[in-house]
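Working notes for the structure below.
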Amino acid sequence: MFAELLVQAQQHHDQEATLHILESFVPKIKASLRQVPADYQDDLRQELYVKMIEVIQTFDISALK
């Protein structure tokens, strides 16, 4: 499933595929943010999403095809 979404996100610039990938990580992000002081949670959440989008766009999908 992730492989197909990664290919769609990269090759077709499919924002919906990117969103599905991000949404699948929401529970883990929420759990991780609980370990951070409340004052930093919003900034860290934004940074995590930006980094995840960067990784989705640059991940080497050649082995997935």
Side-chain angles (χ1 to χ4, degrees):
M1 177 180 171
F2 278 117
E4 294 170 9
L5 289 172
L6 278 170
V7 171
Q8 288 178 348
Q10 281 190 16
Q11 291 184 340
H12 305 292
H13 304 288
D14 187 343
Q15 292 179 352
E16 207 167 304
T18 302
L19 184 59
H20 282 296
I21 295 169
L22 293 175
E23 287 175 345
S24 69
F25 285 93
V26 167
K28 177 60 180 161
I29 290 172
K30 283 183 178 181
S32 296
L33 288 173
R34 285 190 211 110
Q35 300 174 23
V36 177
D39 293 347
Y40 300 105
Q41 288 181 4
D42 286 336
D43 290 339
L44 182 56
R45 179 183 295 110
Q46 290 177 23
E47 290 295 326
L48 286 170
Y49 283 126
V50 167
K51 190 62 172 175
M52 288 177 67
I53 292 168
E54 289 174 3
V55 169
I56 290 168
Q57 295 301 318
T58 60
F59 189 83
D60 182 12
I61 60 171
S62 62
L64 302 175
K65 296 179 184 178

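For the single chain, residues carry numbers from 1 onward in sequence order. Small disclaimer: the values here were computed from a predicted structure and weren't measured.
Every residue two or more places apart in sequence or in another chain was checked for a salt bridge (charged side-chain N to carboxylate O under 4.0 Å, His left out) with E23, and none qualifies.
Counting only heavy atoms from C-beta outward, the side chains of F59 and V7 never approach each other to under 4.5 Å.
The CG atom of L6 sits 11.0 Å away from atom CE of M1, with the distance rounded to the nearest 0.5 Å. Distance check: D60 CG to Q10 CD gives 8.0 Å after rounding to the nearest 0.5 Å. Atom CD of Q8 and atom CD1 of I21 lie 8.5 Å apart (nearest 0.5 Å). The structure places OG1 of T58 at 11.5 Å from CD1 of I53, a figure rounded to the nearest 0.5 Å.
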Can you give each donor-acceptor pair under 3.5 Å made by side-chain atoms of residues 29-45, sequence neighbours left out, with the distance rounded to 0.1 Å?
unit_1	atom_1	unit_2	atom_2	d
S32	OG	K28	O	3.0
Q41	NE2	L33	O	2.9
Q41	NE2	V36	O	2.9
D42	OD1	R45	NH1	2.9

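Placement of L19 and Y49 in two distinct hydrophobic clusters is found when ILVMFWY residues are connected by side-chain heavy-atom separations under 4.5 Å, directly or transitively. No continuous path of hydrophobic side-chain contacts links V50 to V55 [ILVMFWY only; heavy atoms under 4.5 Å].
H20 and L5 make their closest contact through CB-CD1, 4.0 Å (heavy atoms, listed as atom of the first residue, atom of the second, distance). Scanning both residues, A9 and A17, for their nearest heavy atoms gives N-CB, 3.9 Å.
Around the CD atom of E4, the shell of radius 6.0 Å holds no more than 12 heavy atoms that belong to other residues, nucleotides or ligands.
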